[in-house]
Structures are given as structure tokens and as C-alpha cells.
Amino acid sequence: MLKITLKDGAVREVAEGTTLLDFVKSVSNSLAKKVLVGKVDGEVKDLMTPLTQDARVEFLTFEDADGRWALRHTASHVLAQALKRLYKDQNVQLAIGPAIDNGFYYDIDMDKQLSESDLADIEKEMKKIVKENLKLERKEVSRADALKLFEEKGESYKVQLINDLPEDALITLYTQGEFTDLCAGPHVVSTGKVKALKLMSIAGAYWRGDEHNKMLQRIYGTAFEKQADLDDYLHMLEEAKKRDHRKLGKQLDLFSLHEEGPGFPFFHPNGMIIRNELINYWREVHRRYGYQEIKTPMILNRQLWETSGHWAHYKDNMYFTQIDGEDYAVKPMNCPGGMLVYKTQQRSYRDLPLRLGELGLVHRHEKSGELHGLFRVRNFTQDDAHLFVTPEQAEQEIQHTIDLFDEVYSTFGLSYVAELSTRPDDSMGSDEEWEAATNGLRKALEHRGLKYIVNEGDGAFYGPKIDFHLKDSIGRTWQCGTIQYDMQMPEKFDLTYVGEDGEKHRPIMLHRVVYGSIERFIGILIENYAGAFPVWFAPVQVRILPITDKHADYAKKLYDQMFALGLRVEVDNRNEKVGYKIRESQVKKTPYTLVVGDQEVENGQVNVRKYGEKDSTSMSVEDFIAYVQEKIKSRAQEY
């Protein structure tokens with residue numbers, strides 16, 4: 001009998017050769033209905049995989065990333081099978097069809113040029129295959145047998161893929177009904193598991209991503225376990241289109257992007273108001289949490305970047321110049337400059353923790369095809385901080401940092417999920433250092449009782465990190481904040497502090513950002529609020545609409561009073577009907593629109609219409625100003 005350890009630590013005994021599917025049925029019938037794949041000693045496997053030795057086993061559902069991945073990977077095979085059935089006379093050749101974030105795709109080469117109108121027919125055939133509930137059967141064959149099979153099928157792209165594998169390699173095939181594909185897996189047990197699917201679009205894609213190769217047709221789709229979940233996802237996509245920060249950025253005159261500087265955003269006056277309010281808030285919070293602000297140069301010499309390790313590990317993403325015949329780099333990160341500030345004087349244990357914050361403009365070379373509005377740019381301001389601590393202070397300082405994160409994110413109504421990222425392949429430092437650093441972050445999360453996901457191999461080259469993925473108002477997640485544990489740079493820059501024993505010791509450095517990138521955070525906020533910002537950082541907080549010219553003097557008096565109190569206020573004096581001006585104020589998503597006519601002039605009042613509401617309310621000028629000031633002071637989410 002084999003001893004199988006479950007995720008909760010329970011140990012079960014099973015006969016050798018028992019499949020994961022039979023095993024999960026013995027554990028729980030209800031769980032067996034939901035499980036899509038299993039994880040055996042950390043490796044994701046099909047449920048038909050037999051257990052052959054003692055192992056740790058975890059069962060994965062659609063709630064798990066690997067479970068979703070397997071179901072959507074199977075959906076890509078269903079797509080390929082449907083294409084083969086529908087277009088038998090169109091010489092359909094299959095390239096690759098992986099699962100991706102939020103869905104799947106398949107690259108194909110065929111005589112017919114598909115259009116969006118063809119997707120409905122393909123989707124209909126896919127649903128037939130799902131209804132057939134075909135079992136997916138895994139088989140390993142020799143490289144020679146695999147080549148023979150796909151050569152006979154005329155699948156030239158599959159033949160290329162097989163030829164790239166070692167001659168002694170065993171090739172994995174998956175068969176469902178009459179359809180067989182080259183694939184490493186894993187997959188769900190049958191096509192019937194793909195209960196809800198939708199084809200999204202068609203695009204072009206070069207074979208193997210090389211522009212010198214043939215352009216293939218790529219069909220994108222998505223799949224879920226339940227139709228309700230698919231419907232929610234499609235609704236979210238529709239909402240996302242309405243909230244696209246590039247569209248709203250233009251509509252609200254916040255920022256622009258130009259061919260003269262691809263990836264280098266231009267902020268307009270309205271955008272600068274949002275930006276400056278975020279910076280003012282950042283400074284206020286950091287002052288309360290014991291930070292000191294610094295500023296370091298944008299260009300520093302090659303020797304510095306060699307010392308930091310960026311020259312070796314990050315060079316492809318950097319910009320360079322020469323000064324006096326020597327190599328310099330435009331900084332992609334603020335960290336090395338922070339090292340030099342620390343070294344300007346001898347530090348004592350009494351000085352630690354030392355919290356140095358910087359709003360540093362950095363430049364990183366991103367490929368032109370990856371640029372996307374404010375989300376992926378080539379220059380951005382990182383709200384960086386570098387915390388220098390003793391080993392004993394590290395966990396407490398991480399907790400202190402998470403307290404700050406909690407306060408900032410709750411101010412914007414954002415919740416988060418934490419993710420612990422561990423050592424990548426391209427890393428610096430010893431195994432012992434990485435283990436100590438990773439354990440330090442893990443302990444801080446666990447002692448806080450914070451649930452987290454482990455993201456293996458996604459740490460920075462100098463240390464592990466905790467990433468904070470924010471959830472917005474329509475359910476999307478965005479990676480923003482991070483805390484990185486670094487024992488490498490203090491070593492490389494020979495940073496020391498004098499301990500209680502009078503001896504020199506090496507500090508630990510924690511890198512952290514809250515917004516991540518101010519530009520990207522603004523893009524996230526635009527989409528989170530759909531451009532209808534809370535009043536405290538709305539570009540225009542109050543818009544005054546006189547009904548006729550005879551009410552203009554009263555409108556001007558209100559403007560002067562509010563402007564003097566620091567409110568961001570505008571008067572719309574145009575010779576237009578008031579209904580038109582109200583609608584336009586709503587389009588501009590102004591928090592408070594004030595209509596003033598005879599009654600308001602006579603009674604010293606304003607007629608207040610909040611953004612998104614049809615009804616209006618009459619208030620005294622003094623009451624309205626006090627109301628708005630309180631909303632601004634409290635940084636309220638609602639109007």
C-alpha cells in the first residue's frame with residue numbers, strides 16, 4: 001500500500017496503481033465532482049494518472065489557477081477538433097493551442113481566411129463536442145512514431161515541433177474521439193467538463209512569434225465550468241470597454257500619448273491634478289509612518305549599475321548614454337541611489353529602521369508591441385521606499401509596511417490578495433540567504449494571519465517578494481504594491497551599521513512600493529471609478545451653471561467664494577440651455593453640479609445635483625461648502 005499525504009496533512013493508504021480520480025472519489029464524492037486535475041509532489045497531473053509511490057497529493061478545482069489552466073487547455077483541443085470537422089476541405093493545419101490568462105487560443109494555417117462571422121459556427125460545433133463528453137486519453141509514443149503519425153496527417157507544424165525534441169524523447173499525445181493532438185498536458189478527464197465556452201476574436205500571429213515566418217490565424221476563446229461564470233466574465237469585459245482608461249483619458253482630458261514619444265505619457269492639467277493629489281496623499285501618509293523623502297539622480301555611471309547587478313541582470317531593459325567618454329545609464333530603478341544616500345554617514349543601530357522614500361522617475365525599455373496606455377509605459381514614477389533594518393527588526397517592519405498598504409488601499413476602496421514570489425533562476429546570492437529571506441516574508445504573512453498565494457520562481461533577482469494584487473470594482477486584479485527582501489545590495493554596496501556591541505553589522509534592506517507606478521495607478525483608478533473620481537481628487541469638484549445671463553454675477557460670486565477656500569470649481573457661462581449644460585457636466589463626471597436661477601439668487605442657495613443622480617437638492621451655500629469640505633477632508637468614496 002502507498003501512503004498519500006493530502007494538503008491538510010492527513011495520510012491515506014491506497015493500492016499501487018490507483019488513479020487520482022479513483023483516489024479522490026474515495027476521499028469525497030462531492031470533491032470528486034469538482035476536481036479537474038491533481039498535483040502530485042508539486043507536479044500537475046491528469047486525474048487518470050496512476051499513483052506509483054508515496055506522494056503528497058493535492059486536488060485542484062476551477063478555483064485553482066492550474067485547474068482553470070487545464071480546463072481551458074482542453075477547450076483549445078475542442079476548438080482544434082471543431083475546426084478539423086468543419087473545414088475538412090480547407091487543409092487545416094494545427095500549430096499550437098495553449099491555455100492563457102482568462103482563456104485559450106489555437107494558431108492554425110488553412111486555405112479559408114476566417115472572419116468574426118465564422119466564430120458562431122465554430123462555437124456551435126465545439127458545443128456539440130462538449131455534449132459528446134469525449135474522454136481524453138493520454139498516450140506516450142516514440143519520437144519516430146509521433147513523426148510518422150503527424151507526417152501522415154500532413155501536420156507540418158506538429159512535425160517541426162517534434163523534430164525539435166531529442167531523438168530519445170517520449171512524445172505525449174492526447175486523443176478525444178477521432179481527434180489526436182501533440183500535447184504535454186495536463187487535461188481534464190473529458191470534453192464534457194468544458195460546460196461554458198465562448199470564442200472571442202480572430203487575430204494574426206507569426207509562427208513561433210518570428211516575423212520572418214508565415215502569418216497564421218489565431219482564434220481566441222475562453223471557457224468556464226458554469227454558464228453563470230461565463231456570463232459574469234462577458235459582462236465584466238463589456239464594463240471594461242466602457243472603462244478603458246485610454247478612452248476616458250481622452251474624454252476627460254487627462255493625458256495623451258504621441259508618436260513623438262511612444263510609451264512616454266503626456267499629462268494634461270486635469271491629469272496633473274489627479275497626479276498631484278495622489279502624491280500629496282502619499283507624502284502625508286508616509287510622514288505619519290516615519291518616512292523621510294529623498295531624491296536621487298536619473299543618470300548614474302556604469303560602475304554603479306555593475307555593482308548593483310543591474311548591468312548583468314537588467315541591461316536589455318535599460319537606456320544608455322555617454323558623458324565625458326564614460327558609460328552612463330538612465331536609471332530603471334531607484335535602489336542604487338538609495339544605497340549611496342545610506343552610505344553618506346556611518347549608521348548606528350539607534351538609527352534603524354531607516355525609512356527613505358523616493359518619488360523617482362525611472363525609464364525601462366519595453367517592446368513597442370507591449371506598450372498599453374498608462375499600464376505599460378517606458379517612463380514612470382515609482383513611489384519607492386528603501387527600509388534599512390536589523391535582522392531582528394525585519395518582520396516587524398514588514399508588518400508596519402502592510403499597515404501602511406492597508407490604509408492606502410482602503411482609502412480607494414480597494415481590497416487585495418497577497419502573493420509570495422520565490423527565487424528565480426536568474427538570481428544572486430546563496431541558498432542560505434534566499435531561504436532566510438523567503439522565510440522572513442512568509443513568517444510576516446503567517447503571523448499576521450494574511451492568506452497568500454505562493455508564486456514559485458517569480459522573485460526579483462536580488463530577493464524574494466510579496467506582491468499585492470488589488471481587486472477593482474468589476475472584479476479584475478492588478479499587481480501594484482510590493483515588498484522585497486534584499487540581503488544582496490547591502491552586501492554589494494558594503495552597507496554597515498554599528499550594533500550595540502560596537503561592531504559593524506550588515507543591515508537588511510526592504511524595497512517597497514505602494515502605488516507601484518503612479519502612471520499605472522492612475523490608469524487603474526480611471527477604470528475602477530469609470531472616470532467618476534471621488535471628490536477629493538476629481539479634477540473639477542464643482543461646476544456652476546447659471547440658468548441665464550442675469551444669474552452670471554451670482555455664479556461668479558459663488559466661484560470666488562469656493563475658489564478662495566481651495567475648491568476646484570468652474571462656471572459654465574455658455575449661452576446654452578441649462579439641460580444641455582447639465583448633461584455635459586454629467587459626461588465630464590463632475591461630482592457636484594450647481595444650477596443657479598432666480599430662486600437660488602433670492603434665497604442664497606444652490607441647487608445641487610450629484611453625479612449619477614437624477615434628483616437634485618436645494619441647499620444653502622454655507623451648508624453645501626461645509627458638506628463638500630467634509631467629503632474632501634475624509635477622502636470619502638461616495639458623493
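Predicted model, so just to flag it, every value in this text is computed and none were measured. Only heavy atoms go into these numbers, but all of them, side chains included; no hydrogens, no water, no symmetry mates.
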Are there more than 12 heavy atoms of other residues, nucleotides or ligands under 6.0 Å from atom NZ of Lys34?
no
Ion pair present between Glu419 and Lys465, side-chain N to carboxylate O less than 4.0 angstrom?
no
With a sphere of 6.0 Å drawn around CG of Asp425, does it hold more than 12 non-hydrogen atoms of other residues, nucleotides or ligands?
no
Carboxylate-amine/guanidinium proximity below 4.0 Å for Lys241 and Glu238
yes
Taking atom types as modelled, is there a side-chain donor on Asn133 or Ser190 under 3.5 Å from an acceptor on the other?
yes
State whether the number of non-hydrogen atoms from other residues, nucleotides or ligands found under 6.0 Å of His372 atom NE2 is greater than 12.
yes
Quiz question: by atom type and distance under 3.5 Å, do the side chains of Asp210 and His212 form a donor-acceptor pair?
yes
For Ser156 and Gln93, test the side chains for any donor-to-acceptor distance below 3.5 angstrom and give the result as yes or no.
yes
Side-chain donor/acceptor pairs under 3.5 Å, residues 55-63, sequence neighbours excluded:
residue: Thr61; atom: OG1; partner: Glu63; partner atom: N; Å: 3.2

Side chain of Thr482, backbone of Asp467: donor and acceptor closer than 3.5 Å?
no
Could Arg218 and Tyr105 be counted as a cation-pi pair, given that NZ or CZ must be under 6.0 Å from the ring centre and within 45° of the axis?
yes
Take a 6.0 Å sphere around NZ of Lys198 and say whether it holds more than 12 heavy atoms from other residues, nucleotides or ligands.
no
Between Gln160 and Asp164, do the side chains contain an N or O donor and an N or O acceptor separated by less than 3.5 Å?
no
Check: Asp244 side chain, Arg246 main-chain N or O, donor-acceptor pair, under 3.5 Å
yes
Gln81 and Glu178: side chain donor to acceptor below 3.5 Å:
yes
Could Glu613 and Arg609 be called an ion pair, given the rule that one side-chain N must be under 4.0 Å from one carboxylate O?
no
Of His469, Glu527, Glu239, which meets side chain to side chain donor-acceptor pair (under 3.5 Å) against Arg476?
Glu527
On the 0 to 90° scale, with breaks at 30° and 60°, tag the Phe255-Phe267 ring pair as parallel, tilted or perpendicular.
tilted
Output yes when a side-chain donor or acceptor of Thr422 lies under 3.5 Å from a complementary backbone atom of Gly457, and no otherwise.
yes
So, Tyr157 and Asp107: side-chain donor and acceptor under 3.5 Å apart, yes or no?
no
Exam field: side chain Arg378 to backbone His363, donor-acceptor pair closer than 3.5 Å
no
Please confirm whether the backbone N or O of Val188 pairs with a side-chain atom of Thr74, one donor and one acceptor, at under 3.5 Å?
yes
Would a line drawn from the ring center of Phe521 to the ring center of Phe412 be shorter than 6.0 Å?
yes
Any donor and acceptor pair, going by atom type alone, linking the side chain of Asp66 with main-chain N or O of Val37 inside 3.5 Å?
no
Between Glu123 (side chain) and Gly221 (backbone), is there a donor-acceptor pair under 3.5 Å?
no
Ala80 and Tyr106: which non-hydrogen atoms are nearest, and at how many Å?
CB-CE1, 3.6 Å
Restricting to salt bridge (Lys or Arg N to Asp or Glu O under 4.0 Å), what partner residues turn up for Arg364, sequence neighbours left out?
none
